[in-house]
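Data block below; observations after.
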Amino acid sequence: MQQVYVKFHDAEQVRQFINVIDRFDASFDMGSGRRVVDAKSILGVCALDLREPQKLCYNSDDKQILDKLMPFLYHGKYQNRS
């Protein structure tokens, strides 16, 4: 299982993110603490607190996924508070 943090600036970026990951045959979960959603669901992702970075977990060793996720990756320090 791969794990990265993502952060979005606006709703358009959320839409672009979902369009990117939807092309991969892998399971993507996003969230923090007890609130984890299917990252391919726009309603699920929008239900999260997108002001904070969110943990993205996926089951794939496909290196192209990380390349495609680059515009959404959060590179700052983040401590999961949950």
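Worth saying up front: this structure is predicted, and the values here are computed from it rather than measured.
When all heavy atoms of Gln13 and Lys7 are compared, the closest pair comes out as OE1-O, 3.9 Å. Summarising the geometry of His75 relative to Met70, their closest heavy-atom pair is NE2-O, 4.5 Å, with the distance given to 0.1 Å.
For the atom pair CZ of Phe24 and NZ of Lys68, the computed distance is 6.5 Å after rounding to the nearest 0.5 Å. Interatomic distance, Ile42 CD1 to Asn19 CG, rounded to the nearest 0.5 Å: 8.0 Å. Rounding to the nearest 0.5 Å places CD1 of Ile18 at 6.5 Å from SG of Cys46. Atom CD1 of residue Ile21 and atom OG of residue Ser27 lie 9.5 Å apart, to the nearest 0.5 angstrom.
The closest side-chain heavy-atom distance from Tyr5 to Leu73 is not below 4.5 Å. Within the 4.5 Å cutoff, side-chain heavy atoms of Leu56 are placed close to those of Leu69. Within the 4.5 Å cutoff, side-chain heavy atoms of Cys57 are placed close to those of Met1. Counting heavy atoms from C-beta outward, Phe72 and Val4 have side chains that stay 4.5 Å or more apart.
Val36 and Leu43 fall into different hydrophobic clusters, defined by Ile, Leu, Val, Met, Phe, Trp and Tyr side-chain heavy atoms under 4.5 Å apart, directly or through other members. When hydrophobic clusters are built by joining Ile, Leu, Val, Met, Phe, Trp and Tyr residues whose side-chain heavy atoms come closer than 4.5 Å, directly or via intermediates, Ile65 is not grouped with Tyr74. The hydrophobic clustering, which links ILVMFWY residues whose side-chain heavy atoms are closer than 4.5 Å, places Val14 and Tyr58 together.
Listed by chain and residue number, Asp49 satisfy the salt bridge (charged side-chain N to carboxylate O under 4.0 Å, His left out) test with Arg51 (two or more places apart in sequence, or in another chain).
Within a 6.0 Å sphere centred on CD of Glu12, other residues, nucleotides and ligands contribute more than 12 heavy atoms.
Screening Lys40, Arg35, Gln54 for a side-chain contact (heavy atoms from CB on, under 4.5 Å) with Met30, the sole residue that qualifies is Gln54. Applying side-chain contact (heavy atoms from CB on, under 4.5 Å) to Val45 and the options Leu50, Asp38, Val6 leaves one that passes, Leu50.
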